[in-house]
Each structure stands twice: as C-alpha cells, then as structure tokens.
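Taking it in order: structure first as structure tokens, then the write-up.
Quick caveat: nothing in here was measured; it's all calculated off a predicted structure.
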Number of protein chains: 2
Amino acid sequence: MLRITKIADYGFILLVYMANRDRDILYNAKDLSSAIGIPLPTISKVLKILTQGGILKSQQGSKGGYSLARPASEITAAQIIEAIEGPVAITDCSGAKGCERNCKVSPSWKKVNATLETTLQNLSLAEMAKG
Amino acid sequence: MLRITKIADYGFILLVYMANRDRDILYNAKDLSSAIGIPLPTISKVLKILTQGGILKSQQGSKGGYSLARPASEITAAQIIEAIEGPVAITDCSGAKGCERNCKVSPSWKKVNATLETTLQNLSLAEMAKG
DNA sequence: GCCAATTAAGACCAATAAGGTCTGGTATGC
DNA sequence: GCATACCAGACCTTATTGGTCTTAATTGGC
C-alpha cells in the first residue's frame, strides 16, 4: 500500500482547515469535530499528537483551544508526517538503526528516500491550503 | 510508517539475488528459500505474486522453477512494488476512485505522488543489483 | 502409461498495528 | 470554588499483514 495512515490524513485535513482561517483564532476540539466531521475523540487524539510534535500549540482552561504554532508557510508536509508517523522513509534504512534490510539489498533506496523527503520538505502547509 | 511491506521487501531481495546471476537458470522455491533464508511457504507466496504480476515466469513440473520474465534492465522498482502492493501512491488519490480524501484537501498530493512514481520508474532492477 | 517432483491457487490462522473510546487529571477563567 | 476545556494515558475493537497448510494441476523420467 505505501500509504499514510488515517490519523495523518485527518491531521492534514485539520491543518488545512486552520491554515485557511485566521491564525490567531483558538479552535476547541468540539467545534473542529463538527466543522470537519471527524468523531470528537479521534480528532482529540490527532490534536494531541500534533501539539506534542510542535505543529500546534494549545491553550488550556476555559476559552482555551488550539492554534498553529507557526505561520503556515513555515510548516512543511515533512514535519507534519514526521510528527504523526515518525521519520519519512519508504524503507527502514534511514533511521538510526543499521538499516539491516533494504540498504544491504541496494543503496538505491537511499536515493529514493532522499527524493521523497526533499519533495515533502519543499511543500508548505500554506501551499497546500491554497489548492 | 509509510513503509513498503515485508512481502515487498522479500520480493526485492529475491529479485536482486536472481538478477545477479544467470538469467536463464531456473530457481525452484526450495533452493531460493535456503539460499536467502526466508521460510519456504512465505517465499513461495512471494514468487506466486511476482509471477502473477508478470515480473517472473514459471516453469511447471519436475525440473521446473522460476526465472526473470525480462532482462533486469527492463524491470523497474515501480513495477515490482505495483505487482506486490498495488498502485504506487502515498495517498488514495491516484487510483481509479474519485480520490475522496486527500485530493479534496489539496491537489499538492498529486505532485508528491507523481514525483515518487517517476523516481521509482527510473530505477531499474539492474541498477539496484549493481549496488 | 504411471509415478515422482514441482509449481499454482486458495483457504486458513496468528500476530501486529491502526482506529477509535473511555476515564481520570490539570489548568484556566468567571 | 466551580465550570469549562485541554492533557495524558490506558483500553478495546477491528483491519491488515505475515505466515502456514492443503489440494489441484502440470511436467519429466522410468
């Protein structure tokens, strides 16, 4: 399959939604849930992960909520995927581990991984929101 | 995650192994299993899938076995992944379906998918075997 | 023509990961 | 101090993947 997970999917939907509006607005989980149509507990999980990954910042307490940690132009697709799913790589190679599997088979994988990573690093949230 | 599956992994190991040897040799599943160190039933499954996908051809009966369907230079990484895991795409978009999820969020995904696909199409089995 | 060897195909089970839910805790504002 | 809303983590259910097994079909050799 080679696909990103549903959680990452939701993350992008969420972030594009927020990027298309005023950055200073605080969105609470309930409003986002009804606006986007994702179950509240699930969207809450996504918000938590994105906050831990530094993509969003949260404001606790009454009248609290979530907002983008940086301008959308400074958030890249690579950062988002990395926050949710870990390092971007088609194969296990690029990690700290000795890349026991694929790289031994062929160093060509490194090139493929590098190309993908570069592509995602050059794609900002602002650009995605425009479409 | 975003990784290829283990079955695809095995496929590449297998194909690189075969590409590094004489193309006309017929390999049976048992020999490949002991040579590469993958359990026989599993490697048998991989061989079957690759044969159905047109990457390998098989010779039935006694003294039968598997061999590459084409020269290694004419087999691409994209073809191999597609045979094992279906169409190459990070998101659901590129398929025949109306791409209900990501493409609605952003057409930028199309560009990412296209880049990845091009990279994999330009990577031949022969090139991978050299490394 | 019969038997042995080998692939083909598909059903089947087990393990893992993902998706989604729930509960208790903590900080903030009124 | 009380209500609101986020925070954190455990938990369960389901889907996918990985791996195994069984039966059928085909070919070569005796």
Side-chain angles (χ1 to χ4, degrees), chain A residues 1-14 18 25-69 81 83-87 90-92 101, chain B residues 1-14 18 25-69 81 83-87 90-92 101:
Chain A
M1 302 305 168
L2 192 64
R3 309 245 160 77
I4 59 176
T5 63
K6 235 181 204 173
I7 296 290
D9 234 36
Y10 292 158
F12 278 103
I13 294 172
L14 203 61
M18 292 173 81
I25 296 175
L26 284 175
Y27 300 93
N28 67 38
K30 192 158 60 174
D31 290 348
L32 287 171
S33 169
S34 58
I36 301 179
I38 299 172
L40 177 57
T42 301
I43 212 170
S44 176
K45 186 180 191 175
V46 178
L47 289 165
K48 181 174 64 179
I49 294 172
L50 287 172
T51 303
Q52 287 171 338
I55 308 293
L56 294 176
K57 60 183 175 188
S58 66
Q59 173 74 32
Q60 274 191 324
S62 146
K63 307 277 176 187
Y66 296 91
S67 59
L68 296 181
I81 292 180
I84 297 176
E85 319 208 344
I90 289 183
T91 55
D92 277 339
R101 293 212 311 233
Chain B
M1 301 303 172
L2 193 65
R3 309 247 160 77
I4 59 175
T5 63
K6 237 181 205 172
I7 296 288
D9 234 35
Y10 293 159
F12 278 103
I13 295 172
L14 202 63
M18 292 173 82
I25 296 176
L26 283 175
Y27 301 92
N28 66 38
K30 193 158 60 175
D31 290 348
L32 287 171
S33 169
S34 58
I36 300 179
I38 299 172
L40 177 58
T42 301
I43 212 170
S44 176
K45 187 180 190 174
V46 178
L47 290 165
K48 181 173 64 180
I49 293 172
L50 287 172
T51 303
Q52 289 173 336
I55 309 293
L56 295 177
K57 60 184 175 188
S58 66
Q59 172 75 33
Q60 272 190 323
S62 145
K63 305 276 175 189
Y66 296 91
S67 59
L68 296 180
I81 291 180
I84 297 176
E85 318 207 345
I90 290 184
T91 54
D92 277 339
R101 293 210 312 230

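Taken to the nearest 0.5 Å, the OH atom of A:Tyr27 stands 9.5 Å off from the CD1 atom of A:Ile36. Rounding to the nearest 0.5 Å gives a distance of 9.5 Å between CG of A:Asn28 and OH of A:Tyr66. Rounded to the nearest 0.5 Å, atoms CD1 (A:Ile84) and OH (A:Tyr10) are 12.0 Å apart. In this structure, CG on B:Leu14 lies 5.5 Å from CG on B:Leu32, to the nearest 0.5 angstrom.
Between the NZ atom of A:Lys48 and the C1' atom of D:dG9 there is a distance of 6 Å, given to the nearest Å. Protein atom CG of B:Asp9 is 13 Å distant from nucleotide atom C1' of D:dT17, rounded to whole Å. For B:Asn28 and C:dA8, the CG to P distance is 12 Å, given to the nearest whole Å. Per the geometry, CG belonging to B:Leu26 stands 18 Å off P belonging to D:dT26, to the nearest Å. The CD1 atom of B:Ile25 sits 16 Å away from the P atom of C:dT6 (whole-angstrom rounding). Distance CG (B:Leu47) to C1' (C:dT6): 12 Å, rounded to an integer number of Å. Atom-to-atom, CD1 of A:Ile49 to C1' of D:dC6 comes out at 15 Å; the value is rounded to the nearest Å. In this entry the distance linking CG of B:Leu50 with P of C:dA9 reads 13 Å, nearest Å.
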At under 4.0 Å between heavy atoms, which parts of nucleotides 19-30 of chain C does protein reach? Answer with one letter per nucleotide, 5' to 3': B base, S sugar-phosphate only, - none.
-> BBB-----BBS-
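Nearest heavy atoms, B:Ala69 versus B:Gly54: CB-O, 3.4 Å. Nearest heavy-atom pair across A:Pro39 and A:Ser33 is C-OG, 3.8 Å. Across B:Leu68 and B:Met18, no two heavy atoms sit closer than the pair N-CE, 4.2 Å.
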Compile the donor-acceptor pairs under 3.5 Å between side chains in residues 41-53 of chain B and protein atoms, sequence neighbours left out, one pair per line.
| unit_1 | atom_1 | unit_2 | atom_2 | d |
| --- | --- | --- | --- | --- |
| B:Thr51 | OG1 | B:Leu47 | O | 2.7 |

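Dashed line: the shortest gap from a side-chain N or O of B:Tyr66 to OP1 or OP2 of C:dA8 is under 4.0 Å.
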Bracket string, DNA chain C, 5' to 3' - pairs by Watson-Crick or G-U geometry under 3.5 Å, | interstrand = ||||||||||||||||||||||||||||||
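At least one donor-acceptor pair under 3.5 Å links the side chain of B:Glu85 to the backbone N or O of B:Thr5.
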